[in-house]
Amino acid sequence: MSPRESETSEVSASLALDMVGRAYLALALLYETAHPGEFDDVQQKIRSFVEDNFRIIEETSRSGTLAAGTVEGAAQLVNGVLVEVENKIATMIRPSRQRQA
């Protein structure tokens with residue numbers, strides 16, 4: 001792969017991850033709105049799943065098939081999305097448990 005193709009591939013991957021991240025954020029906010037207070041458990045399961053998968057990808061990519069820094073860059077982008085979702089959910093105004101009962 002030429003350096004130009006590599007750059008184009010990285011930009012495309014970043015754009016795709018950004019789009020998926022925005023969609024995930026929208027779904028997370030909808031879920032939290034429909035099920036107040038329940039998203040924390042779901043988010044933890046998702047985070048564990050993502051971390052496990054990136055660990056597996058890192059271990060299998062040591063053969064040199066991926067460009068240097070690809071997995072790390074993707075992991076940083078995905079982690080950024082997960083943190084953004086956690087922050088947005090944490091700042092949502094939720095009805096108190098007492099008013100729901």
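Computed from a predicted model, the values in this text were never measured in an experiment.
Rounding to the nearest 0.5 Å gives a distance of 5.0 Å between CZ of F39 and CD1 of I46. Separation of atoms CD (Q76) and CZ (F54) is listed at 10.5 Å; rounding is to 0.5 Å.
Between I89 and Q43, the closest side-chain pair of non-hydrogen atoms is not below 4.5 Å.
Formation of a donor-acceptor pair under 3.5 Å by the E84 side chain with backbone atoms of L25 is not found in this model. Checking side-chain atoms of N79 against main-chain N and O of A75 turns up no donor-acceptor pair under 3.5 Å.
Residues satisfying the salt bridge (Lys or Arg N to Asp or Glu O under 4.0 Å) criterion with R47, sequence neighbours excluded, are E51, E86. Residues satisfying the side chain to side chain donor-acceptor pair (under 3.5 Å) criterion with D18, sequence neighbours excluded, are R22.
Residue L82 is grouped with residue I57 when hydrophobic side chains (ILVMFWY) are merged at heavy-atom distances under 4.5 angstrom, including chains of intermediate members. In the hydrophobic clustering of ILVMFWY residues, with side-chain heavy atoms under 4.5 Å counting as a link, L27 and L17 come out apart. Hydrophobic clustering, with ILVMFWY side chains joined whenever heavy atoms are under 4.5 angstrom apart, groups V78 together with V42.
With a 4.5 Å cut-off between side-chain heavy atoms of Ile, Leu, Val, Met, Phe, Trp and Tyr, the cluster of L15 takes in M19.
Aromatic pair Y31/H35: centroids less than 6.0 angstrom apart.
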